[in-house]
Structure formats: C-alpha cells, structure tokens
K.L.:
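So that we are looking at the same thing, I have put the structure below in structure tokens.
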Amino acid sequence: MRILQVSAEFFPLLKTGGLADVAGALPLALAAAGQDVRVLLPGFPSILAGLTDAAAVADIEAPWGQRARLLSGRIAAPGGTHVTAYVLDAPALYDRPGTPYEDASRQPYADNARRFALLGWAAARLARGLDPAWQPEVVHAHDWHAGLAPAYLAFDAASGGRGGPRVGSVFTVHNLAYQGVFPPSDLAGLGLPPAAFHVNGLEYHGQMSFMKSGLYFSNRLTTVSPTYAREIQTPEQGCGLDGLLRGRSGVLTGILNAVDDAVWDPGTDALLPHPYDVRRPGGKALCKAGLQQELGLATDPDAPLFVMVSRLTEQKGQHLVLDGLDALIAQGGQLALLGTGERWLEDAFRERAAAAPQSVHTTIGYNERFAHRLFGAGDVTLVPSMFEPCGLTQMYGLKYGSLPLVHRVGGLADTVVDCTLEDIADGHATGFVFDRFDADGYGRALRRAFALYRRPADWRRVRSTAMRRPADWQAAAAQYIGVYEQSLA
Ligand code: ADP
Ligand code: GLC
C-alpha cells in the first residue's frame, strides 16, 4: 500500500513531544512490514536542513493565493535507514523562531490556521496525483495540525474530485486537549465550502476546529492507546468531542505506541556511558553513580533515584511531585528532573533543587541526550499524569529498568502493571500505579516504590520483567495496516 503520513513533527529533526517519536518511528515500521510509505512535513528550518537529495516536485498554490514549493528528498533515520519525505518549502510560513506552534514569547502564531491548513491542502493535492511518480492510496494525518487533510479529501471526493482512485483517510489523535481551534473568520480563504462549517463538520461552538475536522471527515480514526480510546468517549475526557467520538466508535481503534529500538535500547545506546541489558544490568549502577556525581547529588547507591523527563504542564501532574517532594526526600530518595514549560513549575522545581542540592536536581530545557542518561541512571521514572493518551517516557523507563510510577489512566494504564504482592509473585509487575489522582494516591505509590527498593531481590525481579516487556513497533504497524485496509473498504 502507498501510505502518506502527515505530521508537524518528526524525530530526529524536530520534536517537542511524543508526536515526533511516533511520526519518526511508524513509517520505518510500516516500511519494514513491506509498505510503501512517505511522509509530508512543513518546511521548518530543521526539517529543511535534514532533507538530502532534495528535488522540486511541484509548485503549490494555497487556496488563499500564497505559493509554496513542494520538495521531495530523503531524511536519514536512526538505525542507518532513511525515509522518503515531501517537505513544504514556504519560508514565509515556517521559517520562524520559537517552536513550530508558538513564537519566542510562547504565543501561538496568529496565522496558525493557514500555516497548518497548507499541510492538509498539500496532502490532499498529493492524494489527487500532484506527484505523478507517487500517489498515495491512504493519507494518515496526525493530530490537529494535519486535521484539514481529511476535510479537503472529503469535499474533493464529494464534488467528484479530480477523478482517479478513491483515497482512504485515517486520522490519529495524539492528544485531544490540543484542538487547533480558530475564529470562524479564519475559514475564509481556506478553500473549504461553507457546508464544512457545520455541526456535522468542523464547526465547534461557533469556532473552527482542526481536530474536529480530522475526527469528522476521516474514514477511520485511531488514538494511541486502547484505554484512551475509551476515555475520549466520556464527557470527562472528551474535551467537548465525546459525542462525536461515541457516534464514530465503530471506526475508532486504540493502537498502543511502541518504542524505537534503534533509538531507545540500553544495550546499544551510545548516549549511555555504560550500556547494560537485562542479562548484564551492572552498567546501570555505574550510570547512576556517574550521574549523581555529575549533578552534585549524594553519591549513594542506596538512595533510589527518581527521574522525570517531561513537558512541565498541568497534564503531567507535576504538582503532585512538588507536593510529595518532602516525603520523597525524607524517605531517602533523590529526584532528577529534566523539563521545560510553564514558568511557575520551572521556578518551583528550581527552588526545590536550590534548597536541597544533594537530593534534588532540576534541569530546565530540552535535551535529548540528557534524557537518555536520566532513564539510564534512574531507579524510578515518574509519570503521574492527570491524563495521558499514551505516554512514551514510562515505556522508556520500562525498557531502561527505571520502573515507572504512574497514574492509572490512558496509555499509562495499558503499559504498567502495579507491584501488588500477587503480580510480583506471578512475575507480571513492572512499576507502581495509583488510582486516585491526589496527594494521598501519589504518596502511597511512592511508599510502595521505597518498600520494594528495600527488597533488592524483588526489585531486581520486577526490573527484569519491566526490561523484557515487548515494546517494538512491529505489532502496532500490523494494526495500522489493518486500519488502512479498512479505510479503503
Ligand atoms: P508528550 O508527547 O505528551 O509530551 P510523551 O511521553 O508521549 O509525552 O513524549 C514525550 C517525549 O518528549 C519523550 O520522548 C520524552 O523523552 C521527550 N521529552 C519531553 N521533555 C523533554 C525534555 N525536556 N528534554 C528532552 N526530551 C524530552
Ligand atoms: C501526545 C500525548 C502522549 C503520546 C504522544 C505520542 O503528545 O500527550 O501521551 O504518547 O502524543 O502519541
């Protein structure tokens, strides 16, 4: 099958979160399963810089008249392979400081509707044969940034399109909380008929929602874990779209994300000073000692080291970590945090590190290399998210033997087995899971982690179960292929 993946982020070239990891890994897994996959990305500077053998495919005129060049080329992937990519070269839209979505003062760019409409528009044009050398059979759009692609395809098809074969559309929700909502005035010039702005369409409380467009107009929907697929059909977690999602539950599948072994494997990870694996875990203690020393934490092998690598935002439950920090320190633990996001959280973690430098270390910023070292050194990975569509850091924690401590929600519930006595005895337990999202629920999970840490034989047993958990992309890729086939049925 010829499959076009449409995404705003792509590891290793541009990443603000897990979307990039998935957008980078899934095409490789699909290709390994024999599929003919290409990706379509906006021409952000780091994406253009990573595109080799670039050639112009076509000029594109956006519905509002702006012109862009569509390039195609190769992007080198971890593990020595590569991905064929289409990239939208439109410096006026994409060559800007800040993140892909916000300016340097963290404000969304005022023209985000057009910046990301062009992504969907280009996807639909490719589906209609813009590149005579390669025409996708399925367009797979990721998150709101690509949410207009299915709408363009649907209206094209409704008006007879430009003829040619039917194209399947698949839309994946990575996080329903980010919806790409814009004032209705932004709809002008986007090239969609007035009928699109309807409750049965992309209209959302008088606004235009790119997320709703993806959910409404795609043939098939997926999200990144089975539990989240159920949760987003409830008013509590449906972000106002639960009714639509319940109505489309027959075409919605939860497919759990996985881990790219070429990037995340403690046995081969060149970013770890001492690689290790489940049969020879000795390097892990050396990674921990080295990190403790480097960060100025007490160099104590018996102090469980809790790590957290995360966006700092309400979703991730960091207020529980802050509230529980005294207890963590009092029980002899240490915390090393790497993150960036909301200022008050950055400041609060900085203050806590300054007050107890032997026990707490805070690194504010984004640092891929340091993230690997934290999972390598950590005993416990904290992911106490309020909600979590899938979550990747708990999976990296599992793989690196840094046992996840998680709230039982979304993909966290689907990937971590709590250390109950029976699950330890049965060899199923892999981490610490709490149900009540409050200080007590979190604090009790913390105490379970300390209690297990004091039983080294059990700890090692749980750790090796965690490290052995199968997490490669093969199974997920097979499920996506099934969904693509359904989208064409
Ligand atoms: P989300 O996508 O909601 O942020 P995920 O757990 O799915 O959460 O993915 C987060 C990804 O971003 C992981 O690969 C994680 O290691 C990475 N990450 C998050 N914050 C940082 C940071 N400050 N530095 C380096 N990597 C980070
Ligand atoms: C989103 C979600 C996260 C998920 C990631 C990749 O950013 O917040 O839970 O793991 O997408 O699918």
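First listed ligand is number 1; within each ligand, the first listed atom is number 1. The model shown is predicted, which means the values in this text are computed figures rather than measured ones.
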K.L.:
Under a 4.0 Å heavy-atom limit, does C390 contact ligand 1 with its side chain, its backbone, both, or neither?
P.N.:
neither

K.L.:
At less than 4.0 angstrom from any non-hydrogen atom of V224, what atoms of ligand 2 do you find?
P.N.:
12 (O)

K.L.:
How close does the nearest protein non-hydrogen atom get to atom 8 (O) of ligand 2, and which residue and atom is it?
P.N.:
N175 ND2, 3.2 Å

K.L.:
Are any of the heavy atoms in F11 under 4.0 Å away from ligand 1?
P.N.:
no

K.L.:
Identify, by atom number and element, the atoms of ligand 2 in contact range of G391, meaning under 4.0 Å from any of its heavy atoms.
P.N.:
3 (C), 4 (C), 9 (O), 10 (O)

K.L.:
Enumerate donor-acceptor pairs with a distance under 3.5 Å from any side-chain N or O in residues 44-51 to protein atoms, sequence neighbours excluded.
P.N.:
residue	atom	partner	partner atom	Å
S46	OG	L13	O	3.0

K.L.:
Work out whether the distance between some heavy atom of G365 and some atom of ligand 1 is less than 4.0 Å.
P.N.:
yes

K.L.:
Can you tell which of N367, L392, N257 gets a heavy atom nearest to atom 25 (C) of ligand 1?
P.N.:
N367

K.L.:
Distance to 0.1 Å, residue and atom name: give those for the protein heavy atom nearest to atom 3 (C) of ligand 2.
P.N.:
E388 OE2, 3.4 Å

K.L.:
Would you mind running through ligand 1 and noting each atom that sits below 4.0 Å from a heavy atom of G391?
P.N.:
6 (O), 7 (O)

K.L.:
Looking only at protein heavy atoms, which one is nearest to atom 12 (O) of ligand 2, and how far off is it?
P.N.:
H174 ND1, 2.7 Å

K.L.:
Decide whether an N or O pair under 3.5 Å exists between A371 and ligand 1.
P.N.:
no

K.L.:
Pick, from M395, R311, E368, K316, the option with the minimum heavy-atom distance to atom 8 (O) of ligand 1.
P.N.:
K316

K.L.:
Hey, looking at atom 16 (O) of ligand 1, which of V309, L374, T16 has the closest heavy atom?
P.N.:
V309

K.L.:
Give, for atom CG of L176 and atom CE of M211, the distance between the pair rounded to the nearest 0.5 Å.
P.N.:
5.0 Å

K.L.:
Kindly write out the residues that satisfy ring-ring contact (aromatic ring centres under 6.0 Å, His included) with F306, not counting sequence neighbours, or none if the list is empty.
P.N.:
F450

K.L.:
Give the contacting part of K15 toward ligand 1: side chain, backbone, both or neither, where contact means a heavy-atom distance below 4.0 Å.
P.N.:
side chain

K.L.:
Aromatic rings F116 and H145: how do their planes relate, parallel, tilted or perpendicular, breaks at 30° and 60°?
P.N.:
tilted

K.L.:
Between Y396 and ligand 1, which part of the residue brings a heavy atom under 4.0 Å of the ligand: side chain, backbone, both or neither?
P.N.:
side chain

K.L.:
Considering only heavy atoms of N257, which atoms of ligand 2 have at least one such atom less than 4.0 Å away?
P.N.:
6 (C), 10 (O), 12 (O)

K.L.:
Is the distance from the ring center of F387 to that of Y228 below 6.0 Å?
P.N.:
no

